[in-house]
Every structure is written in C-alpha cells, then in structure tokens.
Enquirer: 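My structure is below; once you've seen it, I'll send some questions.
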Amino acid sequence: MDDSATLWHGRFDGEPADALRALNDSLPFDRRMFREDIAGSRAHATMLASVGLLTDDERAAIGEALDTVEAEMAEGRFVAAPGDEDIHTAVERRVTEITPAGAKLHTGRSRNDQVAADLRLWTRAALDDVAWAVLGLQRTLLDRAAGAGDARLPGYTHLQQAQPVLLAHHLLAHGWALTRDVGRVFEARGRADVSPLGAGALAGSSLPLDPHQTAAELGFGAVFENSLDAVADRDFVADALYALAMLGVHLSRIGEEVVLWSSSEFGFVELDDAFATGSSMMPQKKNPDVAELARAKAGRLIGNLTGLLATLKGLPLAYAKDLQEDKEPLFDAVDTTLLTLAALDGLLSTARFNTDRMAEAASSPYAVATDLAEWLVAAGTPFREAHAVVADLVRRSLDGEAALTDLVSADERLGPEAAKLLQPGVSASRRTSHGAGGPAPVAAQIQRFRERLEADTARLG
Ligand code: ARG
C-alpha cells in the first residue's frame, strides 16, 4: 500500500488537498487516545476470533502487532505515515504493515463506533484522575479546617461584614461544594461507561458480532441499545464538560477569595513564596497568580462546554465529522482542571492564615447586632421589634452618640448582660444550631466531612 494513501482512497482519483488534510486530520490531537484505541482493537479482535471471524493464529498475530504498535507509541518511536488521518487509521495501517492479518481487524467495525469507544474509555479514566485530584484538595481543606481551632473571621454577605464564623466553617463551605462536584464527576463517569462497539458505522452489522463480549473485555458497565444513538451520542462528553465547568466555577470562587484575603486590605492570608509571584517592576509585590488563574480558568471550562453544545445542536443522526470537535475541548478541560487543582491544592496547603487579623476583623461590635436581637427574642420580644430596637442602637452609635457596647449596657431591655455578647469571640461561639458556624456544630461537621471524604475515596477504589 502506498503510505500516503488513506484507508478510504479506493473510490477516489488523485490525492486529497493539503488544506483538506490540515483541517480534517485529527491525529495531532487524538493520538493521546492511543492506549484506548489499542485496547479497543484487542477486545474487538478477541471477539472476532470467538465468533469465528478470525482464526486463533490471526488473532494472535494481530495481538502481537498491537503490542508492538503500543510500545512504539508509548516510547515515541512510532512513525506516522502521510496517510494516517487519525489514531484509528494510524494504528490499523501499522498493524497491517506488521501482519497481513491486520487486513481483517476492521471487520464489523467502523471508525464511528471505534472513536466513540476510545473517547468513552479515555473519559472514564480522565474523570477518575479528576476525582482523585478533587479529593486531594478536599483533604487539604479538611486538614486546614481541623487545624484552624477556634480561629474566627467575619462571614460576609454582599461582601459586607455580616456575622462572625469559624475559619474552619468557611473552609469547609468550599469543601462541601467540592463534594457535589465529585458526585457530578462520578455521574459523568457512569454516563461514559457504555460500550458503543458493534454499532458499526451506524446500523450494526450482518456479521455475527458480540457487542456484549467486547464491552465486557473493556470493563464497560453497559452496552449500547441503538446503533444510531451509539455513534451519534456525545452527551457523555457534555456531561463531563459540565461537571468540569461547575468544578471550575467552584475553584474560581476559592481563587477569588484567596485574591481578596491576600490583599493588604484584608491581610487574612499570606501565600507561601512557592505559590506566589513577583512583579518585574515593583519590588514589593507578592501576587496571587495561582488564585487569579484558578478564577480565570473557569471561563475557559465554560467555553469548552458551550462550544461543544453548539456543535451538537441540530446535528442530524448519525455520525457527522462535526463530532470530531468533541475531543479538543474535553482534553483541554481535563488538562486545565488537573493543573488548576494541583496548584490550588499546593497554595492552600502552604498558605499561612493570619488569624489575629481575622479575629480583629471579626470583632466589630456591629457584627453582633443579630445576636443582640436574638438575645431579646430569647427574653420574649418578637423578632421584628427586637430588630428595630438593635437597629436604633446601631444607628445612634454610628451617628457618634456612644460606643455600641455602652448603648447596649445602658439600654433597659438589653443591659450589661447583653453587652457581654460584644466581647471578642462570644458571638461566633453562640452559633449552635445544626450546620452553623460555631465550635460545636463545626466539630460535628468536620467529622461528617471526614466520613464523606472516606466514603468517596472508597467509592473511587
Ligand atoms: N477522527 C474521527 C473523529 O474523531 C474518527 C471517525 C471518523 N469517521 C468517519 N466516518 N470519517 O470523529
């Protein structure tokens, strides 16, 4: 065979144009699925032999050739031929070069079911890697939360100081969001875990294929039900991209808080030198680039999802080359997510929390206003009335009449007992309800988070 020829050149005259090849070839990016492609071919050849479409010798020769090609690719020794359009044609061309039995490998198979199988295998493994990395970041948040003791900081709404909470509580808020991301990653992994092999180009085959066997060989959890759907379905990619985009959004929120907290205005955290950058002009600068990139990468992850959805929209059944556009966004999303997770994990595990500064910020008397109102409620005042009483004191204090603590002490409904609520640390410690930000519920929460992390780790195997 002329090695510049494609596998489909039979009915064509002349060579494909360079511009077509440049646009059409996917080998430059789909070669990273070579292990999956070869595993799929092994399973397919085994099935062909067991249904009598290959002899045992042919199957063995193909198996050895696949081993050789895998080694060549793994070691960077594989030499692509000009006609190698994608990973599937490259592997098959080389196998056939090594053994004439290779000419039977594509029996009952199309690149349409093959590419879907490869990408499903790749996605399954990639999502496992992502899940492990998220669990690693959650472990860091847990360790930092467990080590934070009773350090407290202002909780914010509208980025205005609202009510003090424990630092551990704030850190675990991000941890729980990541728990849901792990759930979405598991879910997307399950969606990918369906074998399309045996669907052929679109309609199945007249040959006695056994799709259940290939599925079992490859460890797929299920087999396709409809050959058209099997080759046309890329919603498993969209599911993966959504899980990664949502995870990216959560990482961006962590990133944004690190940016804020590391500013001199907040001063809540000092980044380790290994996870901060400097300025080429301003010698005093220490910049939170990791956190900023964590914030920024979400845009790219969202773009990958919306780009694929736009590609899929309106595509008629079954396969069209548009579907080749599924891989680059997915590869990019997985790479981006793993890079971001590793850097953010390093940043968070080495950052130094300035708990004095946090405590100082958490000690604003105004942050205790809700506690004062609840103190009145406990003494029988309807909440709306209690709110008005405290609001009046806050307004008078802000107007410069006296310190809030003095106004509270002097107030006949509140008095010196209530004024004790304004002492540093008292407010946070009074948050006792389920899931609240005070010491007792946070201790229980840390325990539940730890159990959840262990369960998810066990689930991943
Ligand atoms: N490289 C192609 C893709 O990624 C493989 C499938 C090609 N199928 C075809 N009928 N041309 O989608």
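Computed from a prediction, not measured in an experiment: that's the story for all the values here.
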Enquirer: Could you walk me through whether T123 and R189 pass the side-chain hydrogen bond (donor to acceptor under 3.5 Å, both in side chains) test, one step at a time?
Expert: CA-CA 7 Å; T123 303; R189 185 198 190 282; over 6 Å; no

Enquirer: Less than 3.5 Å apart, which donor and acceptor atoms pair up between the side chains of residues 236-244 and the rest of the protein, not counting sequence neighbours?
Expert:
none

Enquirer: Between L323 and L312, is any pair of side-chain heavy atoms under 4.5 Å apart?
Expert: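 SC-SC contact between L323 and L312 confirmed.
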
Enquirer: State plainly whether the residues D67 and R42 are in salt-bridge range, i.e. N to O under 4.0 Å.
Expert: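 R42 and D67: salt-bridged.
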
Enquirer: Establish, from distance only, whether the side-chain atoms of Q138 and T179 form a donor-acceptor pair under 3.5 Å.
Expert: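 Short answer, yes.
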
Enquirer: Applying side-chain hydrogen bond (donor to acceptor under 3.5 Å, both in side chains), can you list everything that pairs with D326, at least two apart in sequence or on another chain?
Expert: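 Counting only residues at least two positions away or on another chain, D326 forms a side-chain hydrogen bond (donor to acceptor under 3.5 Å, both in side chains) with R234.
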
Enquirer: Among residues at least two apart in sequence or on other chains, which ones pass side chain to side chain contact (heavy atoms under 4.5 Å, CB included) with E58?
Expert: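 Once residues adjacent in sequence are excluded, the partners of E58 under the side chain to side chain contact (heavy atoms under 4.5 Å, CB included) criterion are L54, T55, A101, K104.
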
Enquirer: Applying side-chain hydrogen bond (donor to acceptor under 3.5 Å, both in side chains) to E64 and T99, what does each step give before you reach the verdict?
Expert: CA-CA 9 Å; E64 272 172 40; T99 170; over 6 Å; no

Enquirer: Show the atom names and distances, to 0.1 Å, of all donor-acceptor pairs under 3.5 Å that link a side chain in residues 147-156 to residues at least two apart or in another chain.
Expert:
none

Enquirer: Using side-chain heavy atoms (C-beta onward) and a distance below 4.5 Å, is L119 in contact with K327?
Expert: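 In short, these two side chains touch, coming nearer than 4.5 Å.
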
Enquirer: How about T311 and E325: does a side-chain donor come under 3.5 Å of a side-chain acceptor?
Expert: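 No, no side-chain donor-acceptor pair sits under 3.5 Å.
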
Enquirer: Rounded to the nearest 0.5 Å, what's the gap from CG on L308 to CG on L330? Could you check?
Expert: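 Between L308 CG and L330 CG, I get 8.5 Å after rounding to 0.5 Å.
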
Enquirer: Is there side-chain contact between T107 and L209, with at least one heavy-atom pair below 4.5 Å?
Expert: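 Result no, sub-4.5 Å side-chain heavy-atom pair not found.
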
Enquirer: With no hydrogens and no angle check, is any side-chain donor or acceptor of D229 less than 3.5 Å from a backbone partner on N226?
Expert: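 Absent.
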
Enquirer: What do the steps show when you test S110 against D113 for side-chain hydrogen bond (donor to acceptor under 3.5 Å, both in side chains), and what is the final call?
Expert: CA-CA 6 Å; S110 158; D113 58 346; 4.5 Å; no

Enquirer: Salt bridge or not for K297 and D335, using N-O below 4.0 Å?
Expert: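 No salt bridge links K297 with D335.
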
Enquirer: Are D84 and R94 close enough for a salt bridge, meaning some N to O gap below 4.0 Å?
Expert: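 No salt bridge links D84 with R94.
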
Enquirer: How long is the straight-line distance from CG of L105 back to CG of L48, given to the nearest 0.5 Å?
Expert: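 Here the rounded value is 7.5 Å.
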
Enquirer: Could you check if a side-chain atom of F186 sits within less than 4.5 angstrom of a side-chain atom of L460, using non-hydrogen atoms only?
Expert: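 They are in side-chain contact.
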
Enquirer: Can you list every ring pair (Phe, Tyr, Trp, His ring centres under 6.0 Å) pair that touches residues 302-351, not counting sequence neighbours?
Expert: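 Listed by first then second residue: W122-F331.
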
Enquirer: Are the side chains of E97 and E92 in touch, meaning some heavy atoms are under 4.5 Å apart?
Expert: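 No, their side chains stay 4.5 Å or more apart.
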
Enquirer: Does E187 come within less than 4.0 Å of R191, counting only side-chain N to carboxylate O?
Expert: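 Yes, E187 and R191 are salt-bridged.
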
Enquirer: Kindly state each residue pair satisfying side chain to side chain donor-acceptor pair (under 3.5 Å) with at least one member in residues 200-213, sequence neighbours excluded.
Expert: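 Every side chain to side chain donor-acceptor pair (under 3.5 Å) pair that includes a residue of residues 200-213, provided the two are not neighbours, is S50-Q213.
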
Enquirer: Going by side chain to side chain contact (heavy atoms under 4.5 Å, CB included), name the residues that satisfy it together with A74, two or more places apart in sequence or in a different chain.
Expert: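 Only F34, R35 meet the side chain to side chain contact (heavy atoms under 4.5 Å, CB included) criterion with A74.
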
Enquirer: Scan residues 434-461 for pairs that pass ring pair (Phe, Tyr, Trp, His ring centres under 6.0 Å), counting only residues two or more places apart or in two chains.
Expert: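 Sorted result for residues 434-461: W176-F449.
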
Enquirer: Does R253 CZ have over 12 foreign heavy atoms under 6.0 Å away?
Expert: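 Not buried by this count: 12 neighbours or fewer within 6.0 Å.
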
Enquirer: Sequence neighbours left out, what pairs pass salt bridge (charged side-chain N to carboxylate O under 4.0 Å, His left out) with at least one residue falling in residues 163-181?
Expert: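 Non-adjacent pairs meeting salt bridge (charged side-chain N to carboxylate O under 4.0 Å, His left out): D181-R184.
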
Enquirer: Is it the case that atom CD in E292 sees more than 12 heavy atoms from other parts of the structure closer than 6.0 Å?
Expert: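 Atom CD in E292 is packed in, count exceeds 12.
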
Enquirer: Kindly compute the distance separating CZ (F275) from OG1 (T350), expressed to the nearest 0.5 Å.
Expert: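 Output value for this atom pair is 5.0 Å.
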
Enquirer: Scan residues 261-282 for pairs that pass side chain to side chain donor-acceptor pair (under 3.5 Å), counting only residues two or more places apart or in two chains.
Expert: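 Qualifying pairs: E270-K286, D273-K286, T277-D289.
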
Enquirer: Please report the interatomic distance CG(D143) to OG(S349), rounded to the nearest 0.5 Å.
Expert: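 One finds 9.0 Å between CG of D143 and OG of S349.
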
Enquirer: CZ/R144 to CG/L167 distance, rounded to the nearest 0.5 angstrom?
Expert: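 Spacing of CZ (R144) from CG (L167) equals 8.5 Å.
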
Enquirer: According to side-chain hydrogen bond (donor to acceptor under 3.5 Å, both in side chains), who are the partners of D193, at least two apart in sequence or on a separate chain?
Expert: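 side-chain hydrogen bond (donor to acceptor under 3.5 Å, both in side chains) list for D193, sorted by chain: R124.
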
Enquirer: R452 vs D456, test: salt bridge (charged side-chain N to carboxylate O under 4.0 Å, His left out). Steps then yes/no.
Expert: CA-CA 6 Å; R452 180 59 196 256; D456 283 346; 3.4 Å; yes

Enquirer: Distance-only, no hydrogens or angles: does the S252 side chain make a donor-acceptor pair with backbone N or O of V249 under 3.5 Å?
Expert: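 Here the side-chain-to-backbone pair exists.
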
Enquirer: Within a radius of less than 6.0 Å around CD of E75, do more than 12 heavy atoms belonging to other residues, nucleotides or ligands occur?
Expert: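 Yes.
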
Enquirer: Do H44 and E217 get their side chains close enough for a donor-acceptor pair, meaning under 3.5 Å?
Expert: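 E217 and H44 do not have a side-chain donor-acceptor pair below 3.5 Å.
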
Enquirer: Can you check salt bridge (charged side-chain N to carboxylate O under 4.0 Å, His left out) on D118 and R111, steps first, answer last?
Expert: CA-CA 10 Å; D118 291 5; R111 280 183 293 157; over 6 Å; no

Enquirer: Rounded to the nearest 0.5 Å, how far apart are CG of D322 and NZ of K313?
Expert: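 So the gap between those two atoms works out to 12.0 Å.
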
Enquirer: Consider side chain to side chain donor-acceptor pair (under 3.5 Å). Of T340, D332, T337, which one does R300 pass it with?
Expert: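 Only one option passes, and that is D332.
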
Enquirer: With sequence neighbours excluded, give me every ring pair (Phe, Tyr, Trp, His ring centres under 6.0 Å) pair touching residues 127-150.
Expert: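 As it turns out, there is no ring pair (Phe, Tyr, Trp, His ring centres under 6.0 Å) pair with a partner in residues 127-150 once direct neighbours are skipped.
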
